[in-house]
Structures are given as C-alpha cells and as structure tokens.
Visitor: 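Below you'll find the structure I mean.
Computed over heavy atoms, backbone and side chain alike; hydrogens, waters and symmetry mates excluded. Lettering of chains follows the sequences in order, A, B, ..., and the numbering in each one begins at 1. All of these numbers come straight from a predicted model, not from anything done at the bench.
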There are 2 protein chains.
Amino acid sequence: MSLYAENKKRVAMNIDALAHIAYNLRVDVLRATTAADSGHPTSCLSAADIAAVLFFHTLNYDITNPQSTNNDRFILSKGHAAPLLFAVYKELGVISDEDFMRMRTINSVLEGHPTPRFDYIDVATGSLGMGLANGVGMALHARRTHKGFKTFVLLGDGELAEGSVWEAAALAVYYKLGNLIAVVDVNYLGQHGPTMHERDIKTLEQKFTAFGWQVYVVDGHSLNDLVVTFDRIQQLGHEKPVIVLAKTVKGYGVVSIEGKNGYHGKAFSAEELPAILEQLKKRFYQATWDGDKQPCCHVVKKQCDANKRTLSAPSFIAKTPPYRVGEHVALRQAFGNAIVEAGAGMDTLICLDADVGNSTFVDLFARKFSDRFIECFIAEQAMVSIAAGVAALGDTVLLATFGAFLTRAFDQLRMAAIGRLPLHVVGTHAGTDVGQDGPSQMALEDIALFCSLPQSVVLCPCDAVSCHNLVTLALNYSTGISYVRVIRGLAPIIYENNAQFKVGGFNVLCSSPDDSAVIIAAGICVHEALEAYTQLKKQGISVAVVDLYSIKPIDSARLRDVVKNAHSRVVSVEDHYAHGGLGAAVCQALVGMPITYKQLAVFDVPHSAPGEQLRSLMAINAQAIVESVRHF
Amino acid sequence: MSLYAENKKRVAMNIDALAHIAYNLRVDVLRATTAADSGHPTSCLSAADIAAVLFFHTLNYDITNPQSTNNDRFILSKGHAAPLLFAVYKELGVISDEDFMRMRTINSVLEGHPTPRFDYIDVATGSLGMGLANGVGMALHARRTHKGFKTFVLLGDGELAEGSVWEAAALAVYYKLGNLIAVVDVNYLGQHGPTMHERDIKTLEQKFTAFGWQVYVVDGHSLNDLVVTFDRIQQLGHEKPVIVLAKTVKGYGVVSIEGKNGYHGKAFSAEELPAILEQLKKRFYQATWDGDKQPCCHVVKKQCDANKRTLSAPSFIAKTPPYRVGEHVALRQAFGNAIVEAGAGMDTLICLDADVGNSTFVDLFARKFSDRFIECFIAEQAMVSIAAGVAALGDTVLLATFGAFLTRAFDQLRMAAIGRLPLHVVGTHAGTDVGQDGPSQMALEDIALFCSLPQSVVLCPCDAVSCHNLVTLALNYSTGISYVRVIRGLAPIIYENNAQFKVGGFNVLCSSPDDSAVIIAAGICVHEALEAYTQLKKQGISVAVVDLYSIKPIDSARLRDVVKNAHSRVVSVEDHYAHGGLGAAVCQALVGMPITYKQLAVFDVPHSAPGEQLRSLMAINAQAIVESVRHF
C-alpha cells in the first residue's frame, strides 16, 4: 500500500485530523511568507482546507516516487499559493522545516510560484489561467496510456476571467475527460479588488454547467463537505469533467483580515506574526488535538535536486529524404512527411493542431496516428498548455499552426520554457510569402519571439530536404523549446538528399576566392539570394551565399571566417520584421568585425499581394540583393 | 435623412429586395475570389444573408461619412469573409466594380482580411476571436461619450473556441453593454473539419445565456427571420448585450458544395465559375427581380486613400517633474503621477487595467478619472482588444499590466500594429528585479516582443524623472505602439528635473577624455553601471556610461561617436534575455564598427530571489560590469 493510501486510510473521515493538518498548513504558510518577507499568504489561507482534504484524503499518490506514472497529478493553477503547496509537502515529510523556511531564497527550489525545479511539480504555473489546459493534457495522456490516475487542478476564481480557462473547459468536455477534476478556490477577491463575479457563485455554476461540466458547490472551509464531495466524485466514473466551486474567504483563519481587500500578496511582518498566529490558534485550536505539529506521515526527507528532471529525450534517426534537386515541393509537405516518419519511429510522439491541420500538413500525421493526435480547434493557448501537460508526463510533443497564430500563445510558450518542457513547435505560413491573405496571417515576428526564449533553438528550412532534416533535428532537441519556421509556398529543392545539417550550423551554398560580398539568408530568401548570385555572376560579380538555417544558435566563429573571405561585405536578407530576426542574429554574431553591412528585411506592415510582388515591394528579393551588392 | 436611413425605408420589410442584394453579394464574392485566385468564398456565402439584412436594413450609418461619430459600427471578427464586406460596400456604391475586382492585389486597399487601409474598416481582423472585445471597447466608448450608436460584431462559430471571445463575453455583461450586438454565423464547419460544437446550437445558446447574454437563435438564411429578429433587438433597450446565433450553411447557394467539408479558403477557378454562378442563379433568381445588378443606393464613389486615417495624435506637454536627485522613488509611482497629470490635460485619455492597478499604480488614475478607467480583470487579451476598439474611435488609450503578462496578448498587440492603432502600453515589474516572485512574473522578453512590432517605440526609464518624461513622450507618439518598460522596485533619482529626453535619444551620464570603455545600460542596470563606474574610478579606470533609454528607435550615429571616444570598447548590460533586447539593439546600431564588445544579459531562466542577488547570479550587476571592463 502506498503511503498516500495508508494516509488516506488513517485519516479517512477523521475530520479532526484534517482540521489539524489544515491548521498546520496555515501556520506554516504564515511563518514562511513572513520569513521571506513576500508571498501571498491570504491566497493560501483560503485554499488551506481544500489542500488538506485533497492531499490527505483524496489523492492517490506514492509520495516516495513523484514521477510514478500511477500517481494522481496535482496542478496549482493559482500558482501564487505556492507556499501552501510547499507546506503540504512539508507536512508530508518531503521537505524539512529548514528547507521549507528557506523558500524564495536563491538556492531553494521552492520558488515564489511553482516550477519543476522542485521535483514534485510537473508544470510551472504563476501566469494565471493555464493550469486547466495543462490538466487536459495530462488527462488525455492518462487515457491514451490506459492509466487510472486522475488529474486535479486547483484554480482561483480571479483567473476564471482568463479566456484560456474557457478554451480548456470546452476541450475537456469535447474529449469527455471524466478523469479531470477542477477545484476553484472562490474567495471573491482578486489582487486589485473584488473578482468579476464577486459572490455570485450561481453564475459561475451556470457557466460551467453550460460548458458541460459536472458542478458541485461546496463550503470550501467545511472539511466535511469537501470530504463528502470528493468521495462522491471519486465514485462517479462518468465522462464529464468535474468542477468543485468551493466558497472560501481570503485570509481565512486570520480574523482581522478575513475577506478584506488590500491584503493580496502581502506578507505579515515579523513583528505582526505572533499576534496573527495567536488569532489563528484561537480560531482553530481544539483541546482534543495532540498539540504537536509533526507531519502526519513519516517518510524519509527527499533531497530535491535542482534541474534533475529528465524529460523526453528522443534520439530519432530519420531516413534519408526522398526528394530530387530542382523539384518544386511545399515545405509543409516535407514537414508532414517527416513527422509521419518520426511517428512511426517514436511511439510517444504526439501532435497537436488548432484547426489548420490541412494547411500545416499535420493532417498526414493525424490520419496515420489518430490516437496520438489532439485537435484543439481554434484555441492556440489551450494547444500549447495541453502540449505542456502531455510533455510533462514524458511524451514527445509537437504542435503546429500558422506561425502568426503562435503569437496568441506566447505566454504559454514562455511558461513552458520556464518549466523546461521541450516542446517542438512548427510555425507554417511564415513571412510575406503568405501573400494575398494579408498581414494578419503572416508570421513576421516569430523568429524574434522564439529566439527570446531561454534555451530555445530556431531553425528555418528553405527546401524540402532541409525541412526534413531540421524537423528531425528539432525533434531530437530536448533541452528547451525548438521552433521550425516553414513557408507556405512551393520551393525548388536545392539540397541533395545526403546534405548535412546540425543545430547551430549553416551551409555555404556558393563561394569562390573572388567573392566581393556574402549574402546571408534563410527560408524563402535563400532562393532570392541564389537568384541574385546568378544575376551578379552575369555582371561579373562573385558573391558567397550562406543558408543560415540555424538562427539560434549560430556558429559565430565560422560565420566570421566566411565573411572575412568575402571582403567583409555582408547583406542579410529575411522575410521577417527588421528587429529580432536573422539580421539581428547576424549583427550579434559579427559584432566588432569591421564589416560593411546591409540589412534587407520587412520594415513596415505588408499588404495583401502575391508573395513574389511583396518581396519586391519590401525589397527582400533578388533585385534588392543585387542592388545592395552593387552599391556597397 | 442619411442614405442608410433612406435605404432602410426603401427596403423596409421588402424581403425580395434583400434577397436580390444577398444574391448580388454572393455573385460578387464568387467573381472576386476567382479573380484573385484566393480567398474564402464559402465563408462569405454562409454570411451573405446576414450581411444583406445588417447593412441594408438594420445599421444606422451615413455611408458618405464613415468616420461619423454617430454611425453604428460594424466589426467583421471572422475577417476571412472580407470579400463579403467589400461586396457590401460595392453594393452600397462606395467601391466601383473595377476596384472591387482588384481586391487582394498589391495596390488595393481591399486586403485578404480587413485592415483600416480601407476607410470603412475600424480595426484589423483576421486573427480570430478578437472582434467581440474590439466591440466591447467601442460600446464602452459610445456610453462614455453619450452617443446612441450601436456596435455590431459578426463572428464565425469556429472562433468561439478562442478564449478571447469568452473574456469579451464576460466583460460585455459586466459592463451591461446593451448597445453591443453580436451575430454568429454558425455554419458548423471550421477550416480543418467540423467545429467543436458542430450542429449542437443548443449548447452554444446555453453558454451565452449562462454568460448573461440575451440570445436569439435564427435561421441565418431566412431574411424574414433576420429582419424580424434585428427589429426586435433594436427595440430592446435593456442592459444585456445581445447575441444572434444564426444557423447557416457553409457555401450556401452553391448546391454542389453546400455544407461540405474541404472547401474552406478555396476559390473557384475561372473555368468552374460560370457553372457555379449558374447554380446560384437557379437557386435564387426570381422573375420578379428587375434583373440588373446595380447598387441599390447610389453614392459618389469615394476614393479610399491608403494610410489616410489619422487617429488620436495628442500633443500633451507635461509639467516639469517634482522629484529630487538622490531620492528613492518607485518608477511605478512616477508613472502613476505622470498619467494623472496627463489625464488632467487630455480629456480623451483612457486607461485600462487587468486587475493589477494597485501594483502598476494605474490606480492613481482610476481614482481620479473613474469614468475614463476600464477594469478588465485578469483578461489581458480582452484588455488589449478593448483598448484597440476604444483607440479606433479616436481616444488616447493607455494600458498597463506586468510586462510579463503582456506576452499573453501579443497577438492582439500585433493586430493593433497592423491596424495602425497607437496604443500606449506600459509594462511594469520588468526583469529579474521582480525578485522573489520568480520567473513567471518577470518580463524578460518584453523588449524583444515590442521591438519586433513595426512602427513601435520602446522606452526604458531608470528613475522617476526619466519615467515621467518617457511616459509623456510615449503618450505623444501616435504613429504606432509605444512601450514603456518600468521596473518594480525603488530607484535613486539620478536626473535633474529639467533633464531632456526624446524618442530615439540617449544620455551620456559619465564621460571623460580618458575613458577606456563605455557601458551601455537601461532601466535598473543604469544604476549598476553607475556603481561600476565608481568602483572602476577607484581603481583608476575611467569609463563612459550611457543611459540608452530609447531602445527603439536608437540614435546609431551618435552612439557610434560615443563608442569611438571610449576606445571602442563596449559593455552592454540589461535585465532581459540575451536575444532581442538592449544588447541586440546595440549590436545592430554598432554593426561594422571594429569594437570589442561584451554582452551582459540574462542567459537562462532565473530563480526566485531578491533582485540584487539575482543580478549578481545572472552577472548583470556592477561587479560583473567591473570584471568585464577589467578583462577587456
């Protein structure tokens, strides 16, 4: 029997024991936030009874083995209540009081908001409204892998204003996730003032009911209500996700501030603390308790090692691609082919879509591996957070949509990066190449976005062969988020099938001892550069052409050599806005070199027009390159 | 009487006339998309009857004066139905058939998805799910300015999966916007396949009802139903926003593809077109029609001038700030003071918050000008789209939240940039200075994001005086989005109150003829640079210090001079990730100069810890600067 099961048995319906635990949690939350001189104690106090019941009564969890694939999962979507979660783990004996009291200090893995640096956390939270979609991902993983675990998500009521919650709420019902249980700590107060619904829990109930959830409304400070409700939920076994709306009071237990506005994110001072704890004691202390504050289960303290987590690190070797030089192939087609091949080679590869699978060609994967395909409809934020939830449980996860629409989920991508989840992201329809559909559909800031993420790699194929290779490299990259940027249109294949690619590499497509300049390009602009090369050649001007397919990281030393050998004259050309893209990366790589440099990029919002005309209008085409070289 | 009113009278309940118009719209949509060889005809066909009734029966609109403040507003949230909207304006006589047929070509203002390059469009749409929040902004503007116009938003059912729709839906009810009318073209088909709800309109009805909307379900191809319903809505006058769920069929009118999957975003070929039009004719043509396809109202064709729109261009002159050198003041406090002053000077200044007004100090404005303050709760996407809606009607709009959470609304910011809306954005709690709350709360990619937007300016104050000045400069910037990055903590004031600032400027804080290097910093790092300056001075090393408060644009020529005068040795230091921030801007500005350069920046995800310790850990503090200079 697991320790959790033992625990569960021990406390069973022993409400007194749970009350004691909840009291301990409250005391610890107050002690630790005062010690840290920061944190959100009042947001913890409202949820303390919920946490006590969930962790000491409801959850099935082997506390000695947090990575066990049979454990129920718990996500603290209201991440600012982190001290409460850490207090739970202290109470469970996982964390010593000494470690607990050092939360929020530089060497502690117990951060201000939960991150997976602490082993017992699966996903980073703290930007609100993402936990439910993370939970959808985990619940889908449970179903696919035929595991019986349930996923519990604790939300605040303030974060219900985030649309991402409703994306997840809709998808949980669509996917009939009866193994997903959400609990909302409805304490009626946000940071700035009352929440949108204040005490109108009826409307919240109607909203979730209309979205298709099984809703329970309980007194979130009645341990008995909570125990009975969670017991009932455990027996349901139906296809509806369940949500418990727990009516609570912010700051509950500290009578002087209970339910009062203006105490969000405020720790009590060391001077105030004794009186505060005294209030708490008066409110809760019962003579029948044994009075000690020992953890109720005794497990060996586990040292939580920073950055120890190892997630999916696939080593997938793709076959040589089957293309022919000169053939015109859509890169999206090559991408689709590559993930079908990867799907056959890796049975934990999961792909997600946001209703554009026929455009991104993720459809090819979906048709072949329907059990490993997740359609998220037009809900990009949910797509990324669901992907994060799936990835956190060890699957290799790829998601694809138009690059432009990844901007919709950038906060979710940022949080995945903080959580060190190796998401594999593909953005199609990159740049002005989208053409007539116009600027709203064009990814023109995507390189800037993905480069900004820590530990990310950003790869830009220019033909089907490089696309095949770069998608494969991306799938093998597991220390951060990988991004592959794919254009919409057809492109002639320039690489032989045995061409070599590596993260941080680039290929010199043309060079001679007479080169008077080097053109550095990626994606569609490689073809413009090659055309410029040909035109310049005819005019007796020799230039080098570099396919800088790896924009981050970049092989700076080698690039400098190439530039030196081309009279230190450089033209960079990109189908991306002028800031944060290929040109910026080139400038950073070549900083300090005495070069003459011209940046060709998109400097203003483009129009609707065929891609070729736009490249001309934006001066990122062969002619613009030729003129740049001729006028050095 | 306006032409619209005339029109309305003329067609009144004349369903035949509306049927004729709807037929004309369908014919034109098909002709134009075939001519463009692209576009989304089937998504237009499903909404043609709705458009006919709205524009030729319901809306109050002076067609000769699109900017009139009395006009009802119309937002095409399902932006891919742009050809339908343009067909309406052709039918209204605003666009000639020749111009209409040139849509999606390079010199046309009729783009693939609507943009305000065409005068009759207020906000750019095309990234789905934003129109409803734009409409909330317009409806709030109407209420504040005591205008009687109504705002109509046409959505697709696919985009209801976007959480941003539900953010707006909740806020419309919270603000009791009875002057907001949404219509959903429920055609059951997305791009990739059926929508999430398919034909289950009952659930959609329940969802909007639970959210507090007045819901009508109609046959979206029954002109009679539509007319009756919109007439009824016009008479309501209550406080509930109204939504019409119109059951439609994708591709309606072209029998061979009606309601069939696989025809999203596909134009018919020139060869197919005659047979398609023949199907349409058979389906709709009645002998009673006069058979001509002339517009039903005849106004002089209006030349729509590209980029003609002039929105709010305030010229607000702030008073000299009231601070004292050496005093420690939170920049947020200075920001709050500055907008209170601006609010007094500009009666069209509107501020928006997302439940962190007490942290950003937007509260100071809210308390003084409650009628010009919009609380969006924890819904950053809605905040930006509402701001866009308000700005599109001419107000000066500032929105503020933690810089980290602006990532949540980057797609909305991107669309505002495409729509050329001069939003004034302030992101507080920038960088690791956030400290113990941890990485989820730290804006570390915000400079990269805002620099990537076309026509944006990015300003980083380091003390209260510069904050006061830069917020004022930002409020006066009207050709694009301005971003002011504000740190959380206190900072000593280094500037005299009469110090000068300009967009594209920087200040040399220390310099001498003996400088062996220049330290370029912004924000909190300016203080680290000044501390490094002092320490180096003691060691007999003289350096220049630059406060690069304007990161975009950047005065490259002058910066090069400063660098030359400091032995061409440069250290840049920033509390931002290494890509796309100050360092990248410096590299782009100094490209080609033979300099020795070191970049101090945040290279990996930070921890929870006090800001000062984090700056040490991340090597962006005075000590790191000193060591960089000493080891050049």
Visitor: Is B:Asp355 reaching over with its side chain to a backbone N or O of A:His192, donor-acceptor style, under 3.5 angstrom?
Guide: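 Side chain of B:Asp355 to backbone of A:His192, a donor-acceptor pair under 3.5 Å: yes, one is there.
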
Visitor: Would you mind telling me which of B:Met593, B:Met196, B:Gln206 has the largest number of heavy-atom pairs within less than 4.5 Å of chain A?
Guide: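 Winner by heavy-atom pair count: B:Met196.
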
Visitor: Which answer fits A:Met383, side chain, backbone, both or neither, if we ask what part of it has an atom under 4.5 Å from a heavy atom of chain B?
Guide: neither

Visitor: Tell me, side chain or backbone of A:Ala417 under 4.5 Å from chain B's heavy atoms, or both, or neither?
Guide: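 Backbone of A:Ala417 only, per the 4.5 Å heavy-atom cut-off to chain B.
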
Visitor: Only counting residues at least two apart or in another chain, list the ones meeting side chain to side chain contact (heavy atoms under 4.5 Å, CB included) with B:Ala82.
Guide: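 Testing B:Ala82 for side chain to side chain contact (heavy atoms under 4.5 Å, CB included), a comparison that skips the adjacent residues, returns B:Phe86, B:Pro114.
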
Visitor: Between chain B and each of A:Val356, A:Val173, A:Thr125, A:Val165, count heavy-atom pairs under 4.5 Å; write down the option with the most.
Guide: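 Top count of heavy-atom pairs under 4.5 Å with chain B: A:Val356.
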
Visitor: With only heavy atoms counted, which part of B:Ala124 is less than 4.5 Å from chain A, the side chain, the backbone, both or neither?
Guide: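 Neither part, no heavy atoms under 4.5 Å.
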
Visitor: Looking at A:Phe410, A:Phe405, A:Phe603, which has the largest count of heavy-atom pairs under 4.5 Å with chain B?
Guide: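 Between A:Phe410, A:Phe405, A:Phe603, the count favours A:Phe410.
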
Visitor: Which one wins on heavy-atom pair count under 4.5 Å against chain A: B:Tyr597, B:Tyr577, B:Phe211?
Guide: B:Phe211

Visitor: Between A:His197 (side chain) and A:Thr203 (backbone), is there a donor-acceptor pair under 3.5 Å?
Guide: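 Not at all, since once roles are kept as given, no pair shorter than 3.5 Å links the two residues.
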
Visitor: Tell me which of these, B:Ser456, B:Ser608, B:Gly163, B:Gly112, has more heavy-atom pairs under 4.5 Å with chain A than the rest.
Guide: B:Ser608

Visitor: For the backbone of A:Phe377 and the side chain of A:Glu375, can you confirm whether one donor and one acceptor N or O come within less than 3.5 Å of each other?
Guide: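 Present.
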
Visitor: Can you say whether A:Leu128 sits under 4.5 Å from chain B via the side chain, the backbone, both, or neither, judging by heavy atoms?
Guide: both

Visitor: Give a yes-or-no answer on whether the side chains of A:Gln436 and B:Ser38 include a donor-acceptor pair shorter than 3.5 Å.
Guide: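 The criterion, which ignores hydrogens and geometry beyond distance, is satisfied for B:Ser38 and A:Gln436.
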
Visitor: Please state whether the rings of A:His40 and A:His80 are parallel, tilted or perpendicular, taking 30° and 60° as the class boundaries.
Guide: perpendicular

Visitor: Among A:Glu162, A:His579, A:Lys552, who wins on heavy-atom pairs under 4.5 Å with chain B?
Guide: A:Glu162

Visitor: Tell me whether B:Asn358 contacts the main-chain N or O of A:Gln191 through its side chain, where contact means a donor paired with an acceptor under 3.5 Å.
Guide: yes

Visitor: Considering only heavy atoms and a distance below 4.5 Å, find which of B:Gly158, B:Ala609, B:Pro454 pairs most often with chain A.
Guide: B:Pro454

Visitor: Look at A:Gly357, A:Ala448, A:Ser108, A:Gly438 and state which one has the largest set of heavy-atom pairs under 4.5 Å with chain B.
Guide: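 Answer, by heavy-atom pair count under 4.5 Å with chain B: A:Gly357.
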
Visitor: When only pairs under 4.5 Å are counted, which of B:Gly193, B:Ala578, B:Ala409, B:Ala404 shares the most heavy-atom pairs with chain A?
Guide: B:Ala404

Visitor: Got a sec, which pairs hit salt bridge (charged side-chain N to carboxylate O under 4.0 Å, His left out) with one end in residues 434-448 of chain B, sequence neighbours left out?
Guide: A:Arg104-B:Asp437, B:Asp437-B:Arg488, B:Asp446-B:Arg485

Visitor: If we define contacts as heavy-atom pairs under 4.5 Å, which of A:Pro439, A:Gly480, A:Pro610, A:Gly580 has the most with chain B?
Guide: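 Of A:Pro439, A:Gly480, A:Pro610, A:Gly580, A:Pro439 has the most heavy-atom pairs under 4.5 Å with chain B.
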
Visitor: Taking side chain as everything from C-beta outward and backbone as N, CA, C, O, which of these in B:Ile418 sits under 4.5 Å from a heavy atom of chain A? Side chain, backbone, both or neither.
Guide: both

Visitor: Of the backbone (N, CA, C, O) and the side chain (C-beta and beyond), which part of A:Asp353 lies under 4.5 Å from a heavy atom of chain B, both, or neither?
Guide: side chain

Visitor: A:Ser164 and B:Arg408: side-chain donor and acceptor closer than 3.5 Å?
Guide: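 Yes, side-chain donor-acceptor contact under 3.5 Å.
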
Visitor: Under a 4.5 Å cutoff for heavy-atom pairs, which residue among A:Glu167, A:Arg414, A:Gln613, A:Met415 has the most contacts with chain B?
Guide: A:Arg414

Visitor: Backbone N or O of B:Val434 within a donor-acceptor pair of the B:Gln441 side chain at under 3.5 Å?
Guide: no

Visitor: Quick one: what part of A:Glu380 sits under 4.5 Å from any heavy atom of chain B, side chain, backbone, both or neither?
Guide: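 For A:Glu380, the contact with chain B is made by backbone and side chain together.
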
Visitor: Just do the side-chain contact (heavy atoms from CB on, under 4.5 Å) check on A:Arg102 and A:Leu110 with the steps written out, would you?
Guide: CA-CA 8 Å; A:Arg102 288 193 305 107; A:Leu110 309 178; over 6 Å; no

Visitor: Of all of B:Gly190, B:Ser127, B:Gly39, which one pairs up most often with chain A through heavy atoms under 4.5 Å apart?
Guide: B:Ser127

Visitor: Apply the test side-chain contact (heavy atoms from CB on, under 4.5 Å) to residues A:Leu590 and B:Val591: give CA-CA distance (whole Å), side-chain angles for both, the deciding distance (0.1 Å), then the verdict.
Guide: CA-CA 8 Å; A:Leu590 303 181; B:Val591 64; 5.8 Å; no

